[in-house]
Amino acid sequence: IDRGKALEKPVTLLQLAEQWKGLVRKGPGEYGLPDNTPGPTGSKADCERILVMMLLEGILKQTFNFTAYAVNGYLDRGRNAQSAEHGSFKLMIRPLHLPNETS
């Protein structure tokens, strides 16, 4: 988010999930993961779910840009972002599906 702000390119939830997952690689003047950085092991849907939880908990906030043809939602740092960065804010996420147990 901070890199996007520095480049004056706001980021949407889907763009941030793709960048976090490593689906977008950093090019000159771009934001995303550098070529040698591994992304998280979960799916893109898992990344999106974590970002939504961060929105609900105030770690991220959504701002809206209105045009004549569309309304775009962009992410920004929320009121609890600094606490999360320093480790004093915990985000608990339960798994969506538990593995089937067979005996």
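Side-chain atoms are counted along with the backbone in the values below, which use heavy atoms only and exclude waters and symmetry mates.
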Is there a side chain to side chain contact (heavy atoms under 4.5 Å, CB included) between Val52 and Glu48? Walk through the geometry before answering.
CA-CA 6 Å; Val52 168; Glu48 291 171 359; 5.5 Å; no
Candidate pair Leu60 and Leu51, rule side chain to side chain contact (heavy atoms under 4.5 Å, CB included), full reasoning:
CA-CA 8 Å; Leu60 297 174; Leu51 291 172; 3.8 Å; yes
What's the verdict on side chain to side chain contact (heavy atoms under 4.5 Å, CB included) for Leu55 and Gln62, showing C-alpha distance, side-chain angles and the deciding distance?
CA-CA 7 Å; Leu55 273 169; Gln62 196 167 24; 4.1 Å; yes
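A donor-acceptor pair under 3.5 Å is formed between the side chain of Gln15 and the backbone N or O of Thr12. The closest donor-acceptor contact from the side chain of Ser83 to the backbone of Ser88 lies at 3.5 Å or more, if one exists at all.
Classification of Glu85 and Arg77 as a salt-bridged pair holds, one side-chain N sitting under 4.0 Å from a carboxylate O.
Summarising the geometry, atom CZ belonging to Arg79 is positioned 8.5 Å from atom CD belonging to Glu57; distances are rounded to the nearest 0.5 Å.
Taking 4.5 Å as the limit, some side-chain heavy atom of Leu75 sits within range of a side-chain heavy atom of Leu13.
Cluster membership check: Tyr74 does not share its hydrophobic cluster with Leu56, using side-chain heavy-atom separations under 4.5 Å among Ile, Leu, Val, Met, Phe, Trp and Tyr.
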